[in-house]
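All remarks here apply to the structure that follows.
Because the structure is predicted, anything quoted here is derived from the model rather than measured. The figures here come from the full heavy-atom set of this structure, side chains too, leaving out hydrogens, waters and symmetry mates. FYI, the numbering just counts along the sequence from 1.
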Amino acid sequence: MIFTKKTRVCLLTGLVLLLSALFSSCQNESRIYLKDGLEWAICTPFADYDSSKQTSFQPFTDFSRYNISKLPGVGKDGCFVFLRYKFRVPEPLKNQDLQLVIPYLHFSYMVFFNSNTRGMVGMFPPRESSSMYGAHSFNLPREQLNQDGENEILLKVWCHGRARISPNAFIGRMRDTSKYTQIYTLFHSLIYFAFQGGMSCACLIYFFLYFLGLKEKKYLAFSFLNIATLVFMPYFYNDIIPISAFSYLAMLKLQLCIPSYFVFFMVLLFITSYLELHIPKTIKVVSYLILSVQVLLTAFSPSFNFLMRICPYMLILGFTQVAIGIFYLIKAFSMEYHKEKSKQLLYGFSPMLLSIVLDLSLRAAMPQTVFPFYSLIGWQGTIIAFLFLLTSEYYSLHKTVQLLNTDLENQVQLKTEKLTAANTELEQAMKRAKADLEMASIVQQKFFPYPNRNFRGWDIAICYQPLSEVSGDLYDYYTDKQKLNGVSMFDVSGHGIASSLITLLAKNSISQLFNSGLKTKEKVSTTLMKFNDEFIRSKGNVENYLTGVLFKFSDFDKDDACSVQMANAGHPYPILYTKETDSISSIKPEDISKQYGSIGMKDLKVSFLQNEFTMRQDDILVCYTDCLSESVNPEQEQFGTQRIMEIIKNNTDKPSGQILNELYTSLKTFTNGIPIDDDLTIIVLKREDSHNYIEELI
């Protein structure tokens, strides 16, 4: 079936409306919405949960606008406000762990539940920072819920600028809230991150096209237009992937305001260069003057309030730049030579224009619904449209040159030059790829904890050696100051960048689940099962899976012993040396057949049994990835578990660092030059006298 242009537009608009309604305002009978009974009261910067009991609250009567800054006495210059919601647990939600979901609340806030602090998003003055655009959730454990009586949610909000709360804030089951939070964050924040790769490619392609001989100003303008957008976009997902090391005010200037001015400026430059028009010098001076005024006023803004006051005027100046470009676009329509290029420009900017109309229409028609910024999505469509237009033009030019150069000698010369240029570009691409890989390695290692760090009662040493720049191995330890609560080690299937990205996805998930389980005294086998379910949901259709082992350590008792819980998901069995009996063995379940499966294998049944044992002073625990036991020598003999045990048994009187060194040195000697073909990670944990550690601190 062939659709007309009008039909395609209608279908696209209907799809956008459907997605918006689906992800922004879906209702659920098992949810408790805060808009049904929210109260507010102005409070002091030092107010806490107890002081709210002596505060007089008023009903939030105009929740349809969800605009906190318009409440009496609040304003836009900065004010602390309590938002309170009291509720009883309905029958469908009783005796369950619930979560509070706040899709959007500006500027920053702290959450209390039944006198307990549940968390904070953003920061209060003097080091204020915004909660940004991602949805946030807060656990409401069933143990803290008053199942038959009244419960209270209290939000202490720092209202600064245009302070608003989403009308879709609700309380619900964790399964429901987790799905909602992920979808909301994807469509309101992370979706903008997905456009970065395309813009980076477009920027590099046309930057090199310009400097490789095609001295077309529009290529350079298009490249810089992408650069300005690349700097501008991260503001909308900074809460998901924190990349700014500056204060919030500095981030606002450097990531949102100033880059947007350059976007306006580069739009004008791109339009005029694309049309190949002669622009009077006066107009050029005015354009550069506008940009300079915008940048200087913004850069030297002393406060957030001042920046917000001048922001409308800066936007007017920015749209003035665009208006100049539109003027020349309209003027070009009257010139036969430029008419075709003018049409191409209109086609290119049409996604942006349509998305602006859609944005304004949806927000006017449904003010209670929080929509994504369709204008930003439309802007990506415009970037892609011009990418195709410029590519098509470049292809046509290339074809013309080929047809004109019929002479064999010229053809050979042309192809030689093209090959040279391609080799040069390939070398540059390889250098960039190598630099990107090195950067990926740095970023990955930044996510991992410092390897050789000692804790009270523990001497720890870690060997972490990727096969290439990045690794598919993951280790982590979970601490409370100087107390070691647990250790984990995971091995992602495969190698390289794909596996390294999986480690970053897995690390955050297992860390949150372990710390959550620690508070509820959850068994590590249960934590590992939850991680399996969460990882399957998070990775989508990615085929990688993980093996791993997870330990949890108790407090030291009066005999300086601690109990250890361990769960294994298809990982090599850890090794335990016991000083008291001078014995060493692999830690296995009594019935090995009851432990099976790895993490992340969809639709396959898994069972992660739990082992429990005690560790006392001078006991040693060693865990490792299969690279250690399965590495081979020139005779194709494996290093093996038995050899690992012998090395540990012969060095039990040494610190963990020396034991680790003996293992690694023995492995290198054993392989005798045969390259290790996998990522290698080894963790050695040796029990120390916890009392001596305390005395040293004193």
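Taking the six-membered ring for Trp, Y475 and F490 have ring centres at least 6.0 Å apart. Taking the ring centroids of F304 and F107, they lie under the 6.0 Å cut-off. Here F124 and W158 keep their ring centres 6.0 angstrom or further from each other. Aromatic rings of F138 and F113 (six-membered ring for Trp) have centroids beyond the 6.0 Å cut-off, not under it.
One finds the CG atom of N139 at 9.5 Å from the CD atom of Q512 (value rounded to the nearest 0.5 Å). In this structure, L154 CG and L83 CG are separated by 8.0 Å, a value rounded to the nearest 0.5 Å.
Residues that satisfy the salt bridge (charged side-chain N to carboxylate O under 4.0 Å, His left out) test with K521, not counting sequence neighbours, are absent from this structure. Every residue meeting the salt bridge (charged side-chain N to carboxylate O under 4.0 Å, His left out) condition with D97, not counting sequence neighbours, appears here in chain and number order: R142.
N151 and N146 are not linked by any side-chain donor-acceptor pair at a separation below 3.5 angstrom, with hydrogens and angles left out of the test. N532 and K530 form no side-chain donor-acceptor contact under 3.5 Å, judged by distance and modelled atom types alone. Checking D560 against S690 by side-chain atom types alone, a donor-acceptor pair falls below 3.5 Å. Side-chain polar atoms of D77 and H160 form no donor-acceptor pair below 3.5 angstrom. Q144 and N116 form a side-chain donor-acceptor contact under 3.5 Å, judged by distance and modelled atom types alone. Side-chain atoms of R173 and Q96 form a donor-acceptor pair, as typed in the model, at a separation below 3.5 Å. Side-chain atoms of Y478 and S488 form a donor-acceptor pair, as typed in the model, at a separation below 3.5 Å. In this model, no donor atom of one side chain and acceptor atom of the other lie less than 3.5 Å apart for S509 and E534.
Identified under the side-chain hydrogen bond (donor to acceptor under 3.5 Å, both in side chains) test for residues 291-303, with sequence neighbours left out: Y261-T298.
Between R84 and E39, at least one side-chain N (NZ, or NE/NH1/NH2) sits under 4.0 Å from a carboxylate O, which counts as a salt bridge.
In this structure, K156 fails the cation-pi test against Y109, since its NZ or CZ atom is not both closer than 6.0 Å to the six-membered ring centre and inside 45 degrees of the ring normal.
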Let's go through R88 and D148 carefully: what are the C-alpha distance in whole Å and the side-chain angles of both, what is the deciding distance for salt bridge (charged side-chain N to carboxylate O under 4.0 Å, His left out) to 0.1 Å, and is it a yes or a no?
CA-CA 7 Å; R88 292 179 178 272; D148 299 313; over 6 Å; no
